[in-house]
Amino acid sequence: MGEQLNHTNGEIVYLDFSTTSMYISQTRAKIRGLQNIIWIRNWIEAVRFLGMGSFEELQCSGVLHHLKRPSYGLNILKDSLTES
C-alpha cells in the first residue's frame, strides 16, 4: 500500500505497539524510499484518543485475536472509518 500511495498525497498511519515489528517495517519502507508513512507506537485501543480523525481504509493483520475482547478492538476500528 505504501508503494501504491508513494507518489500521491495519500498518507499511511502505521500503528503498532511492537518496537521490533515497527523497526522491521521502517527498514522495509526506507529501502523502498517511502516517505508517506506516519509511525505511531501505541496500542489499538488508543486509536480514538490519538486525534487522527477518520480513515477511508483500514488494514489490520495479526492483532485482534490477541486482544482480551477482539470485538471491542474491531468496534474501535469500525468507528474510525469514514462514512461512505
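The figures here come from the full heavy-atom set of this structure, side chains too, leaving out hydrogens, waters and symmetry mates.
- No path of Ile, Leu, Val, Met, Phe, Trp and Tyr side chains, each step under 4.5 Å between heavy atoms, connects W43 with L15, placing them in separate hydrophobic clusters.
- L58 and I44 end up in the same hydrophobic cluster when Ile, Leu, Val, Met, Phe, Trp and Tyr side chains are linked at under 4.5 Å.
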Under 3.5 Å, side-chain donor or acceptor atoms of residues 29-38 against the rest of the protein: list the pairs with distances, not counting sequence neighbours.
from: R32; atom 1: NE; to: E3; atom 2: OE2; distance (Å): 2.8
from: R32; atom 1: NH1; to: R28; atom 2: O; distance (Å): 3.3
from: N36; atom 1: ND2; to: G2; atom 2: O; distance (Å): 3.4
from: N36; atom 1: ND2; to: L5; atom 2: O; distance (Å): 3.2

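- A single hydrophobic cluster is seen to contain both V63 and M52, as judged by linkage of ILVMFWY side chains at heavy-atom distances under 4.5 Å, directly or through other members.
- A continuous path of hydrophobic side-chain contacts links L81 to V47 [ILVMFWY only; heavy atoms under 4.5 Å].
- Around CD of E11, the count of heavy atoms belonging to other residues, nucleotides or ligands within 6.0 Å does not exceed 12.
- Interatomic distance, N42 CG to M22 CE, rounded to the nearest 0.5 Å: 9.0 Å.
- Using bins of under 30°, 30° to 60° and over 60° for the plane-to-plane angle, the ring pair W39/Y14 lands in the tilted bin.
- Residue pairs satisfying the salt bridge (Lys or Arg N to Asp or Glu O under 4.0 Å) criterion with at least one member in residues 35-48, sequence neighbours excluded, are absent.
- For residues 56-68, there are no salt bridge (Lys or Arg N to Asp or Glu O under 4.0 Å) pairs, not counting sequence neighbours.
- With hydrophobic clusters built from ILVMFWY side chains whose heavy atoms lie under 4.5 angstrom apart, F17 does not share a cluster with V13.
- Residue H65 places its NE2 atom among more than 12 non-hydrogen atoms of other residues, nucleotides or ligands, all under 6.0 Å distant.
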